[in-house]
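Since the structure comes first, as structure tokens, the remarks are kept for the end.
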Amino acid sequence: MMQANGQATTTSVNMMAKDGVPPIGGSTKKHRQLVYKTATPVVFILFLLAIWQLGVRLLNTPKYLLPAPSDIWRAALKGFPDLLQAAGNTFAAALLGFLLSVLLGTAVALLMMASKWIRWGIQPYAVVLQTIPVVAIAPLVVIWLGPGMNSIVFISLIVAIFPIISNTNLGLSSTDRNLVQLMRMYKSGTWTTVWKLRFPYALPYMLGGMKISSGMAVIGAIIGEFVAGIGGGKGGLGMAITSAAVQMQTSFLFACTIAASLLGMAFYLSVAAISHFTLRHWHESAIGSDKD
Amino acid sequence: MMQANGQATTTSVNMMAKDGVPPIGGSTKKHRQLVYKTATPVVFILFLLAIWQLGVRLLNTPKYLLPAPSDIWRAALKGFPDLLQAAGNTFAAALLGFLLSVLLGTAVALLMMASKWIRWGIQPYAVVLQTIPVVAIAPLVVIWLGPGMNSIVFISLIVAIFPIISNTNLGLSSTDRNLVQLMRMYKSGTWTTVWKLRFPYALPYMLGGMKISSGMAVIGAIIGEFVAGIGGGKGGLGMAITSAAVQMQTSFLFACTIAASLLGMAFYLSVAAISHFTLRHWHESAIGSDKD
Amino acid sequence: MNTTAYLETTAEAEAIRIHDVVKQYENGTLALSGIHLSIREGEFVSLVGPSGCGKSTLLRIMAGLDQATSGQVQLQAGSAANKEQASFVFQEANLMPWRTVLANVALPLEINGVPSEERKARAMASLEKVGLAGYANSYPRQLSGGMKMRVSIARALVSEPKLLFMDEPFGALDEMTRHRLHEELLSIWSQSKLTIVFVTHSVFEAVYLSGRVVAMEAHPGRIKQVVPIEEAYPRTNAFMTSPVFGEKVRLITNTLS
Amino acid sequence: MNTTAYLETTAEAEAIRIHDVVKQYENGTLALSGIHLSIREGEFVSLVGPSGCGKSTLLRIMAGLDQATSGQVQLQAGSAANKEQASFVFQEANLMPWRTVLANVALPLEINGVPSEERKARAMASLEKVGLAGYANSYPRQLSGGMKMRVSIARALVSEPKLLFMDEPFGALDEMTRHRLHEELLSIWSQSKLTIVFVTHSVFEAVYLSGRVVAMEAHPGRIKQVVPIEEAYPRTNAFMTSPVFGEKVRLITNTLS
Amino acid sequence: SNGGSSTAFSPDKPAKVIQQMSWFAQPEMGGHFAALSGDIYKNAGLDVTIQQGGPQISNVQLVASGKVDFAMSQADEVILARQEGIPVVAVYADLQTNPQNLIFHKGSDINKIEDLNGHNVYVATGFPYWQYLAYKYKLNNVKIQAYNGSLAGFVADKNAVQQGYATNEPFVLKSQNVDVDWFLNADLGYNPYGNVVITTEKMIKEKPEVIKAYLKATTEGWDYYYKHGDEVNKVINSYNKDYALDHLAYAQGVAKDFVFGGDAASHGTGYMSEERWTTLLGQMKEAGLVTKDLKIDQFYTNEFLPEK
Ligand SMILES: Nc1ncnc2c1ncn2[C@@H]1O[C@H](COP(=O)(O)OP(=O)(O)OP(=O)(O)O)[C@@H](O)[C@H]1O
Ligand SMILES: Nc1ncnc2c1ncn2[C@@H]1O[C@H](COP(=O)(O)OP(=O)(O)OP(=O)(O)O)[C@@H](O)[C@H]1O
Ligand SMILES: [Mg+2]
Ligand SMILES: [Mg+2]
């Protein structure tokens with residue numbers, strides 16, 4: 001044994017020492033990790049933006065094709081109130097569409113779990129919801145719901161619902177067989193089993209589906225504006241994007257696009273936070289000390 | 001005890017008898033279930049079609065608003081060669097887009113698993129892929145990849161990749177902690193752990209993501225055709241749909257839409273079949289004798 | 001779907017009757033073959049036998065969790081003919097990872113609609129019986145293997161079942177804890193005229209606890225011998241050192257080998 | 001990431017040294033406190049103690065699967081200083097459900113890059129040792145609880161480790177099978193100068209198998225006494241009925257209660 | 001959407017009218033916005049709501065379903081709609097000359113329409129004008145590419161051709177320093193009335209007074225627009241912020257002749273002639289766009305136009 005007995009290094013101290021931070025305790029480590037976790041994406045995006053800016057300047061890419069980040073920034077500042085209003089309108093529609101898709105999607109998946117006839121009957125068709133080209137049904141939607149908000153929310157819902165249904169279904173049907181039998185032992189009814197067992201078991205899957213849907217709801221709202229118009233209301237990002245494209249305001253077009261992406265990201269991060277919060281006590285994906 | 005001892009009913013015979021089928025054995029039961037499972041959606045869709053047909057006829061809904069199934073059928077027959085060709089083109093683009101999204105999506109997710117820097121750096125941005133309004137980046141795509149197939153495949157890929165990344169990620173990070181430690185015990189390298197443990201563990205999630213993506217790849221190809229398609233014989237369903245919409249050929253529009261949905265369904269069912277085949281030995285969702 | 005036929009209440013004190021039960025799994029494994037067994041109400045019966053001989057399979061079939069390939073299973077769920085009165089301790093702890101220990105134990109009561117206050121009190125009492133009152137608010141992943149099994153036992157006891165199936169419940173426990181739970185179980189059993197079917201791989205345990213020990217053999221799973229343990233309850237430590245005890249243990253051990 | 005410090009090979013025959021180890025989980029549970037232990041190369045040491053006293057925790061820390069909150073863990077992985085030579089049998093079977101039994105057992109070899117043919121042959125041999133050769137192509141879900149544990153044992157043995165950690169490996173087995181595996185394990189141990197750290201709740205098993213028994217107590221987990229079992233190997237059934245055996249068992253049992 | 005009897009409306013008890021536009025607010029629709037902002041509709045007893053359109057809105061179906069009272073369309077669309085049995089009728093033509101054009105870069109080798117062969121042409125999928133021009137000028141070697149609203153592809157490709165509106169794209173391109181020339185489709189012989197106001201046969205039967213009042217006010221709106229351009233353009237800009245004021249002024253200038261020229265000069269704004277509808281139908285038949293036997297008088301009527 002090379003290491004002298006007197007040497008008072010502990011395993012955890014070793015850990016700390018390696019990273020060059022004094023061994024104050026576990027909370028420091030956690031705190032430091034949080035800093036890294038937040039800083040990394042920021043550094044990453046700054047790095048990307050720098051490359052973009054440089055590339056565009058060096059290659060002399062015309063602005064109408066690919067504006068530099070600085071151009072986009074200027075355009076965004078100039079049209080800021082419009083951008084904000086457009087983003088706000090899209091946000092409202094996307095949020096409603098997303099919430100409805102979560103509610104309805106979960107309900108459909110639960111129904112499919114509860115009755116095999118429903119499951120067999122509609123399983124193959126649920127996918128149709130997301131493969132219908134929205135343009136085709138838009139006239140019907142607009143005629144039923146009128147142009148504007150209602151239709152946009154509905155289209156956002158249509159676009160965003162399938163991942164919820166599909167993942168919830170997967171989760172519900174992945175439930176541990178032994179726990180199902182346990183519930184059966186206690187003569188739990190179908191619905192009780194679903195609520196007390198299958199639903200919580202499926203939660204990580206559902207939340208995964210919601211992560212996917214969150215971005216899709218935003219894009220759904222934008223597509224909704226393309227196909228269903230804005231009615232009498234103020235337009236959202238969909239209108240701004242179309243209009244900017246036709247007017248060749250490429251920088252503003254990118255500003256709108258980035259606003260759309262930020263909106264999607266905000267949705268996503270909210271769902272991710274909810275997911276982490278909900279699962280932190282028990283699910284591997286949220287405990288994750290092994291991976292972070 | 002009321003039941004006489006001499007009565008030679010067995011529990012399984014009881015089961016069978018309840019459904020009115022002679023107790024020939026387990027395979028009959030399975031076989032019958034398969035029949036039900038196939039027949040139910042067929043009956044369901046026929047029922048829906050009948051209601052649709054009747055409803056349209058009874059309410060006298062004008063054809064240009066909502067054509068009856070019979071109208072759609074006639075329009076499909078009349079334009080059949082065009083429809084077939086269009087569907088074929090879209091199929092090719094969607095298939096390529098889907099396969100690429102599976103490959104790339106899995107690769108990205110694996111990279112994110114393997115390095116926490118990559119994970120922290122790109123996690124928040126992966127979602128951007130699906131929230132970018134395609135219209136905004138379409139000109140760039142077309143200029144890089146040229147109009148037609150390449151661009152369409154690329155757009156299909158962009159649209160379909162996120163569910164794969166997201167669900168694969170979820171699966172990879174849900175891996176049983178004890179198994180991770182087992183691998184660590186055997187001094188398995190990061191990649192070996194990923195391949196031998198995390199990847200198979202994540203398979204059900206990945207396949208779930210693929211189920212979601214399959215339909216999205218089809219819709220992605222159609223959107224691709226909207227924004228980057230080329231006319232003539234190479235136009236796919238996206239072209240056919242736009243054209244029918246502009247020319248107000250509502251019945252043919254619906255025929256194209258249904259063709260798109262059938263395509264999406266075919267993709268979905270293929271993935272579902274692969275999923276079932278891959279997981280049948282071990283994953284609850286595919287064993288599922290408790291639920292079918 | 002529970003396909004085990006429940007019998008109407010009669011004067012006859014038979015709780016479970018197994019008639020010529022055969023179990024073959026889909027992959028062809030013949031887990032049970034020609035099993036005949038009748039268990040009286042209020043009896044404490046143990047199943048012992050080599051690993052893989054079909055003990056768990058038989059227990060599951062009795063409890064209606066699995067279906068026999070052929071044969072007859074008849075169940076009479078307690079004198080009150082109340083179907084809610086059966087419980088099962090699985091070979092694995094089978095806890096819900098998202099519930100705290102207390103909520104896991106309270107689950108059967110929750111399903112039966114017991115009001116929240118009473119539920120908590122009874123679950124807590126049950127947890128105390130297995131010595132885990134201090135862990136009520138922990139999550140299963142924070143427990144040791146033996147602690148998880150004890151939570152699972154507490155869950156089975158909380159609903160005061162009339163019929164209790166236990167699959168190696170004490171296998172993961174040290175002897176001290178195990179002995180404490182033996183006494184606990186026997187006291188509950190004698191107080192409430194409970195019928196217990198108990199799987200164990202410890203012949204000592206089987207002899208100490210049960211009125212009859214069913215010795216099984218493997219390939220295919222069959223009953224080799226049913227050994228009655230005539231010793232009266234309550235049984236004391238003296239019984240464990242008595243010649244009768246040793247004799248029974250030896251008899252069963254020999255049967256098994 | 002394995003944070004346990006491995007020691008360079010020296011003439012000193014010390015395999016593991018634990019110095020003042022404390023383990024406190026995030027929720028505040030103090031699982032281990034002030035643990036000192038030194039294990040020589042080629043030793044067979046058992047840990048016994050009440051459920052929840054920290055046996056599994058200590059074993060995991062020794063194996064580098066968990067980190068001590070404070071204290072020193074030093075490991076010397078076999079005389080060849082080969083880090084690939086440690087194995088662990090978890091308290092739960094921990095099999096990969098998508099692999100057949102054979103593929104599960106072959107996993108450690110696969111990770112070490114053993115060629116396919118040899119892998120299969122060695123995995124098969126290992127399966128035979130635990131009596132499950134006939135189930136090579138089954139999937140884990142098709143096995144009984146005890147069979148799963150045996151597969152897990154076969155997996156641990158297949159890589160011919162120099163250092164073996166076992167967490168209640170035989171807890172789910174009937175006495176016959178258990179005894180067969182005792183003999184198997186002892187024979188492997190004596191042939192290959194293997195160091196074994198063995199957790200069990202059976203004092204009999206601990207005394208029968210080990211050279212030293214570490215008796216632990218709970219709240220917080222601490223070593224109460226280390227009892228050497230001087231009896232020479234190979235040990236026979238005669239040892240089990242000898243007065244020394246009974247005395248050691250009584251000594252340890254008393255320590256524990 | 002509009003309750004009460006068709007005759008009983010006044011400024012105090014206005015009739016509700018919804019007008020669906022074909023696109024976001026533009027000077028080509030200026031008469032409607034002017035009538036709105038100058039209170040002309042209001043004084044005529046009409047409570048008008050203008051709904052902007054968008055890239056993929058089906059105006060014909062909207063009006064046919066009764067969701068809106070009037071929609072803005074193109075003359076050839078009206079014929080296509082009638083062919084599909086959709087009972088809509090054009091009652092007013094905002095533009096005598098259709099501003100649709102085909103734009104190409106100055107200095108490319110295009111001098112006449114036939115030269116388009118061999119070029120990339122960005123055309124919105126399914127538009128009838130292209131089918132006619134392609135047939136008429138044998139444009140068989142054109143590489144058609146879906147136009148999705150972005151001019152970037154055209155700008156990047158000096159040999160490309162781009163569909164557009166005379167009022168819009170040339171200005172936009174010029175402001176990006178792109179020198180272009182164009183063919184006006186009307187000059188190529190294809191000139192469906194542009195921005196026609198359509199309504200349903202039902203509306204014509206039930207509320208002729210509303211139609212009359214609406215069109216009269218719209219005509220006055222057009223006059224108002226060219227008298228108070230700046231004021232109305234500000235209103236248009238408030239609907240469609242991306243359309244800058246200088247651009248609006250430019251487009252308004254270009255559109256003036258489209259609105260007031262041609263038959264409008266003699267017969268009044270909004271007028272449509274039988275001859276031009278006949279020509280259009282003939283062209284669409286020739287190009288295979290129309291295969292059914294259709295009657296001209298189904299397509300339009302001048303009966304609600306104000307007396308000149
Ligand atoms: N789902 C299954 N599919 C196929 N075979 C199975 C299945 N479950 C159990 N078996 C087989 O049935 C036999 C009996 O299994 P069972 O679990 O009843 O054994 P056991 O007596 O409880 O054993 P142990 O003491 O090890 O728990 C075993 O050979 C096992 O491999
Ligand atoms: N992940 C964890 N988080 C919090 N506490 C834990 C965790 N794992 C174990 N513990 C606690 O640490 C103590 C020791 O647990 P450990 O698993 O080491 O016990 P053990 O001696 O192996 O018991 P058993 O014989 O029942 O397996 C217990 O009180 C347990 O509740
Ligand atoms: Mg068992
Ligand atoms: Mg333990």
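Below, read A as the first sequence line, B as the second, and so on, with proteins coming before strands; counting in each chain starts at 1.
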Next item on the list: Below 4.5 Å from any heavy atom of chain D, which atoms of L197(B) appear? Answer side chain, backbone, both or neither.
Entry: both
Item checked: Which atoms of R155(D) approach chain B - backbone, side chain, both or neither, heavy atom under 4.5 Å -> both
Next item on the list: Quick one: closest heavy-atom pair of F199(B) and L110(B), and the distance?
Entry: CD1-CD2, 4.3 Å
Check: Is it the backbone or the side chain of L95(D) that comes under 4.5 Å from a heavy atom of chain B, or both, or neither?
Finding: backbone
Check: Does NZ or CZ of R280(B) fall inside the cone over F277(B)'s six-membered ring, less than 6.0 Å from its centre and within 45° of the axis?
Finding: yes
Margin query: Given 3.5 Å as the limit, does a donor-acceptor pair link the side chain of T200(D) with the main chain of A206(D), or not?
Written below: no
Item checked: K23(D)/D66(D) salt bridge by N-O under 4.0 Å criterion -> yes
Item checked: F88(D), part contacting chain B, at a heavy-atom distance under 4.5 Å -> both
Margin query: So for T192(B), is it side chain, backbone, both, or neither that comes closer than 4.5 Å to the heavy atoms of chain D?
Written below: side chain
Next item on the list: Examine distances only and state if a side-chain atom of S213(B) and a backbone atom of M216(B) form a donor-acceptor pair shorter than 3.5 Å.
Entry: no
